[in-house]
Enquirer: 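I'd like to ask some things about the structure below.
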Amino acid sequence: MKATRSMVLVSSDPESMDRGALEVFNRLQKQILAYGLQEEITLSMISDVSKKSANPLVLVYPDAVIYGSVTADDVPLIVEEHLYKGRVVEHKQISPYDLTGKIAWLTARKGTLPAEYRIVLKNVGLIDPENIDEYIINEGYEALGTVLKEMTPEEVYTEIKNSGLRGRGGAGFPTGLKWQFVAGTKSEKKYVICNADESEPGTFKDRLVLEGDPHAIIEAMSIAAYAVGADEGFVYIRGEYGLAITRMAKAIEQAREYGLLGEDIFGTGFSFDLHIHAGAGAYICGEETALIESIEGNRGEPRARPPYPTTAGLWQKPTVVNNVETLANIPAIIRNGAEWYKAIGTPSSPGTKVYTILGNVNVTGLIEVPMGITLREVISIYARGMKNGARLKIAQTGGSSGSIIPASLQDTPMDFDSYSKAGVSLGSGALLIGDENVCAVDLAKVLLNFFRFESCGKCNPCRIGNKRAYQILWNISEGVGTMQDLTDLSQLSDQLYELSNCGLGQTAGSPLHDILAHFRAEVEAHVKLKVCPTGVCQMSGRRAYQID
Amino acid sequence: MTKPKVATDWMCGCAGCHMSILDIDERILKVVELVDLRSSPITDLKEPDKDGVTVGILEGGINNTHNEHVAKRMRERCKILIALGDCAVFGGVPAMRNFCGVDAALKRAYIEAESNDEDGKIPSNPELAEMTRVRAVHEVVPVDLHIPGCPPDADVIFYALVELAEGRIPEIKDDKLHWH
Amino acid sequence: MIKLTIDGKTIEVQEGKTVLEAAEAAGLYVPTLCHHPKLTPYGGCRLCMVDVEGARTLQPSCTLPATDGMVVNTHSEKVLNARKFVLTLIFSERNHFCMYCQVSDGDCELQNRAYDEGMTHWELQPNWQPFEVDASHDFIVLDNNRCILCRRCTRACGELVGNYTLGFEERGADSLLVADYNVPLGESTCISCGTCVQICPTGALIDRQSAYQGKETDVEHNIGVCVECSVGCQRDVLTRDNRLVRIEGKWDAPLNNGLLCDKGRFFPLEDDRPRLLTPLVRKDGNLKAATWEEALNTIAKGLGQDNDLAALASTRLPSEDLALFKSIFADHLNAKMVTSLDDATPDLAAYAEKLGKPFESSLEALKDTDLVFSLELDLVDEHQVAGFFVKRQLMESTKLIVADSKENRLADHANLVMQLEAGNEADFLASLSTAVVNGSADEDFAQAASLLKSAQKPCIVLGKTFARNANEQAMDTLLALAETLNAALIIVKGNANSMAASQLGLDKPFKKNGYQSAFIMLGDEDPSQKLVKALEEVPFVVAQAAYSSQLTGNADVVLPVTMWAEQSGTYLSMDGRLQTIGAALEAPEDVLTSHEALLKIAEMLSIEIDQDWKSRLMERVPTVAIKEN
């Protein structure tokens with residue numbers, strides 16, 4: 001399949017539209033099709049870049065070329081000369097000065113387009129997951145062999161440390177360091193757990209690996225077990241993932257048959273076996289200590305930390321808990337080396353990330369790209385633009401407990417450190433993209449409903465605070481909110497972060513904080529004017545205390 | 001300097017808090033030395049002065065539109081509003097009606113009670129105030145000081161009145177603070 | 001040792017202590033709700049949050065391990081705001097009406113915490129959502145409206161008692177305290193130990209019998225040993241205006257650490273048997289009220305020089321009374337039969353004397369064992385607190401073997417259940433010994449032996465049936481087995497003071513044998529039908545009793561005496577602990593203690609008695625070392 005090599009953007013601000021931007025767009029579409037370039041070139045509209053004297057604009061990327069005052073008649077020349085033959089049409093080119101809108105990424109990206117690079121999803125969709133031979137033919141279990149025959153446990157976790165791999169479940173903790181902690185804790189019994197609970201709304205990346213390439217997980221867990229000194233592992237798969245459970249069970253069975261699980265693997269004296277534990281419909285069991293409690297047969301309530309699972313985990317033994325995506329990187333790192341991995345992505349966040357794309361865009365699904373891509377690129381290149389040419393208004397990155405960001409943050413590179421510097425969270429990489437028809441209050445209300453439902457109930461701030469926040473948002477969406485409610489929401493957001501026992505509570509306040517920080521006017525319209533600007537909220541006057 | 005004016009009123013309460021005020025016994029002589037006691041439900045003047053008082057004291061929670069009116073009137077006409085007693089501060093015992101709702105409560109009182117006969121019917125005179133959810137005073141108007149208790153001790157009320165009269169905000173804590 | 005700074009004070013604590021423990025050791029105040037010194041920390045209420053330098057957020061001090069160099073602030077502005085916020089949330093969650101709650105004004109920890117923070121009102125109003133009240137249980141009412149979901153009750157029901165009846169249903173804001181799989185508490189597996197009521201910080205779990213009868217500030221406390229069985233738990237008897245209000249455990253009590261069973265906590269308050277308030281003498285076939293003098297004279301005449309006399313004493317009475325009883329009836333009157341009402345275990349006592357030294361262990365051994373072997377003993381039915389020690393360890397790695405001749409409820413929890421015939425204990429133990437040393441063809445014995453051998457600190461507990469049939473052969477086998485396995489040995493004997501009775505030699509089995517007269521020192525015991533029948537043919541019966549019964553109805557002279565709460569004395573528990581109980585109530589006017597009544601009889605019969613009961617108690621070699629508490 002051909003990789004995208006060019007991005008063409010047409011300015012669609014009101015002035016550009018007045019001057020025929022739509023006709024330019026349509027003509028470009030026709031011409032690109034005529035030259036058969038539609039696979040290599042993406043075309044979309046961009047509404048927050050314009051130059052008064054030169055609208056409409058056509059921007060070509062990664063060449064960082066801007067054409068101004070483009071008419072439909074200019075299009076065939078631009079397509080033939082620039083897009084087809086690679087020669088810039090200089091008489092139509094304008095300088096980037098006085099361009100309004102965010103174009104920083106334009107110059108930063110000059111040269112290469114963020115193309116998909118599949119490490120985690122290497123085999124997904126290309127091999128039969130129920131046939132271990134197909135996995136083996138595609139470099140399968142090679143890494144395990146290398147590890148068991150040529151490396152010491154210390155060498156293994158050092159290599160992972162050097163690769164810079166960080167947890168992909170949302171926390172971003174350096175994986176090699178986690179393995180080193182467990183390896184360094186003295187205990188006769190240790191465990192490796194794969195967190196396949198994937199309950200973050202909007203996230204379905206782990207599912208693809210579990211269903212499409214289960215052996216990658218088995219191999220990775222075996223490598224982890226060797227590195228830390230464990231002999232038993234659990235794959236905790238959410239109960240709703242029936243197919244994933246079946247395929248993983250089959251894969252384990254086949255691995256055992258081939259002697260790749262069990263006693264004395266590869267005749268090296270290393271023994272490791274895996275069990276599957278199915279979840280039962282609780283988002284909180286994706287939290288590592290609640291997951292451990294669940295395996296032990298208790299209510300899925302997160303433990304007090306410290307101690308952390310690395311010292312006292314499953315049955316109080318040192319335990320490694322890694323996300324599916326994190327583990328899926330391991331065999332490739334061992335095969336190709338830490339240096340290879342470090343070269344991909346950004347210095348603070350090496351490697352690739354699987355992002356799931358959802359919302360009001362033309363193409364939803366998931367992609368695996370090097371870390372550091374911006375939201376704008378995701379929307380423009382992979383999602384093929386906003387649906388119906390709408391404007392990006394609001395996005396949520398990282399699942400329900402990620403951040404709600406306004407369009408102004410769409411050019412921040414999506415890696416752990418850049419996002420953290422901007423005060424937002426990358427989380428699991430689920431990108432929910434909303435246009436002007438999405439109401440910030442409604443979005444926050446839906447999210448808080450999720451949190452209140454999924455809260456385990458152990459600690460007061462989360463159990464009581466989430467329900468209260470949901471009720472307040474409900475009231476606001478029904479037109480009976482007060483200004484005091486906004487103060488209460490702000491306080492709830494702060495205290496949820498400060499006082500909660502686990503990540504669910506701590507991040508449940510993020511939507512509250514974010515809508516007040518970035519969409520305050522919209523929220524206040526609901527309260528002061530009793531109006532929902534997008535028309536989404538019911539505003540029918542029913543108070544929350546009468547519900548539930 | 002003129003003495004600060006004090007007015008009280010009651011809403012959905014049992015009058016116990018006003019009885020507690022009276023329990024300051026002969027200390028009331030000291031109180032009227034320091035303040036100008038204007039209106040109260042148990043004296044001649046019933047409405048707080050139109051041109052305002054310094055301190056307004058409300059007993060009882062809000063359970064109908066008339067109570068809302070009383071609370072709002074007091075809030076408008078006083079500088080410092082005190083919610084006196086558990087009903088005013090929390091909603092109190094009457095707030096239990098919120099569990100079943102107004103309709104069920106009216107039905108029980110006027111139709112289904114053991115002392116009703118077949119002619120029992122819910123009063124519907126348009127001049128009657130409309131019943132609402134029972135609320136604490138601060139759910140309807142901003143309150144400056146809460147003195148909980150069921151009822152609050154006479155000693156605490158006396159202390160509060162003297163503090164206010166002498167221009168200080170009373171501190172309700174330690175042995176002055178109880179919710180029962 | 002770890003050094004940390006809290007509120008500017010440098011504190012040294014052992015490694016493994018939490019910040020809360022360090023703060024409390026230094027006398028600093030940190031409010032808590034879900035925390036309890038007897039339970040593992042939970043970290044749910046978030047009231048104990050403290051400011052730790054360098055930490056991202058506030059930290060819960062109850063679960064946070066203290067580390068060297070930690071700098072903690074327990075009352076920064078952030079902390080104070082957080083506390084108020086947490087309390088505000090709790091009050092807004094359910095329905096907290098202080099006005100008419102029975103723990104208001106001092107006994108409610110939630111209310112007290114609110115007062116400590118100076119809360120005069122609620123920033124957030126509740127939803128007014130009603131919750132269920134479960135009043136199905138005989139002794140406990142569960143009001144979910146007042147529950148703050150601190151989980152102290154469920155943790156106690158599991159960690160302290162090992163019963164695991166209480167649990168939580170649903171999650172999040174729908175979480176609900178339930179019994180078993182949400183059945184009414186009165187129909188559940190609840191064993192009415194009452195620990196949940198004692199540990200509940202609010203008025204959610206209510207003691208039916210004592211609600212509204214007295215707050216902490218209204219009642220008097222009387223700490224003493226329980227007289228319902230021979231475990232000898234320490235308990236606190238609360239009285240008010242000379243009336244029993246409630247019985248509670250004391251968390252800092254030795255051995256039982258605050259736990260009690262239904263027999264010790266709830267049943268005593270239910271006693272409604274009619275009291276005997278005046279001496280009675282049979283005249284013309286009917287019992288008539290009489291003076292003490294008249295009654296004593298009748299006794300003197302009836303007993304006189306006659307030694308065809310059977311004298312029986314209740315082991316619910318203190319050692320002082322039993323010693324005096326023995327002095328009068330055995331030493332001076334030479335009565336034919338002087339013994340206790342308890343099931344006698346003379347063989348056991350004789351064995352100790354033959355051995356020359358004690359061989360049983362303290363009940364503390366049951367608290368820290370990795371294998372319990374229970375022989376003919378149902379610790380779910382009797383001596384329940386000892387059963388709690390066993391049950392609560394089963395969720396860890398402690399194993400349990402139950403061997404019995406009849407149905408045994410403890411067997412429900414056992415890893416291995418074995419059958420034996422009553423009376424065949426010697427053979428059974430012999431087979432077990434052989435299995436341990438040489439192996440066995442029998443599957444059960446083999447498994448038992450394997451479990452016993454792999455245990456580091458096993459505990460063998462045996463019941464009354466064994467104690468009664470404890471012939472020398474059985475005892476020799478048992479002791480040898482215990483030595484081989486390095487096992488602690490505990491033998492349950494009888495009622496509260498049966499050990500003292502045994503030490504005083506009041507352990508002859510009583511059979512009706514045509515006695516001419518009988519003296520029954522009943523105290524407040526409820527006489528068995530067997531005893532009533534046995535006395536029917538005795539011409540002259542004197543009864544000292546607190547309550548009217550068929551036995552007193554048939555007697556010739558009845559002396560009214562005190563019940564347990566009105567008397568004081570010393571009791572010897574089954575594992576040798578000497579503990580006292582003091583009178584909590586004043587007896588009715590004409591009623592004397594059993595001890596006083598005996599002294600009057602001695603005086604009437606011109607008997608000089610020796611009051612050194614303690615030496616008498618120590619005369620025999622006991623089966624377990626006697627220690628004073």
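Naming: A, B, ... by sequence-line order, numbering from 1 per chain. Just so you know, these numbers use all the heavy atoms, side chains as well, and skip hydrogens, waters and symmetry mates.
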Enquirer: Which atoms of B:Val134 are under 4.5 Å from chain C, going by heavy atoms: the side chain, the backbone, both sets, or neither?
Expert: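 Backbone only.
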Enquirer: What part of B:Ala95 lies closer than 4.5 angstrom to a heavy atom of chain C: side chain, backbone, both or neither?
Expert: both
Enquirer: Who are the salt bridge (charged side-chain N to carboxylate O under 4.0 Å, His left out) partners of B:Asp49, not counting sequence neighbours?
Expert: B:Lys5, B:Arg38
Enquirer: Output the distance between atom CG (B:Asn98) and atom CD (C:Gln125), rounded to the nearest 0.5 Å.
Expert: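 So the gap between those two atoms works out to 9.5 Å.
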Enquirer: Using non-hydrogen atoms and a 4.5 Å limit, figure out which bit of C:Tyr115 sits close to chain B: side chain, backbone, both or neither.
Expert: both
Enquirer: Is the number of heavy atoms from other residues, nucleotides or ligands within 6.0 Å of CD (B:Glu130) greater than 12?
Expert: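 At most 12 heavy atoms, drawn from other residues, nucleotides or ligands, come within 6.0 Å of this atom.
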Enquirer: Less than 4.5 Å to any heavy atom of chain B: does that hold for the side chain of C:Asp116, its backbone, both, or neither?
Expert: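 Looking at C:Asp116, nothing touches chain B.
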Enquirer: Is the number of heavy atoms from other residues, nucleotides or ligands under 6.0 Å of C:Tyr181 OH greater than 12?
Expert: no
Enquirer: Which residues in residues 167-180 of chain B have a heavy atom less than 4.5 Å from any heavy atom of chain C?
Expert: B:Ile172, B:Leu177, B:His178, B:Trp179, B:His180
Enquirer: If we ignore hydrogens and angles and just use 3.5 Å, is the side chain of B:His138 paired with the main-chain N or O of C:Trp122 as donor and acceptor?
Expert: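 Yes; judged by distance alone, with no hydrogens or angles, the pair exists.
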Enquirer: Are more than 12 heavy atoms, taken from residues, nucleotides or ligands other than B:Asp117, located less than 6.0 Å from that residue's CG atom?
Expert: yes
Enquirer: Taking CD in C:Glu169 as the centre, count heavy atoms belonging to other residues, nucleotides or ligands within less than 6.0 Å. Is the count above 12?
Expert: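 It does: C:Glu169 CD has more than 12 such atoms within range.
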Enquirer: Run the side chain to side chain contact (heavy atoms under 4.5 Å, CB included) check on C:Trp128 and B:Arg97 step by step: do they pass?
Expert: CA-CA 9 Å; C:Trp128 306 117; B:Arg97 188 184 78 214; over 6 Å; no
Enquirer: Closest approach of B:Met96 and C:Tyr100, non-hydrogen atoms and distance?
Expert: SD-OH, 3.1 Å
Enquirer: Got more than 12 heavy atoms from elsewhere within 6.0 Å of CD, C:Glu132?
Expert: no
Enquirer: Check C:Met99 against B:Asp86 and note the closest heavy-atom contact, atom names and distance.
Expert: CG-OD2, 3.2 Å
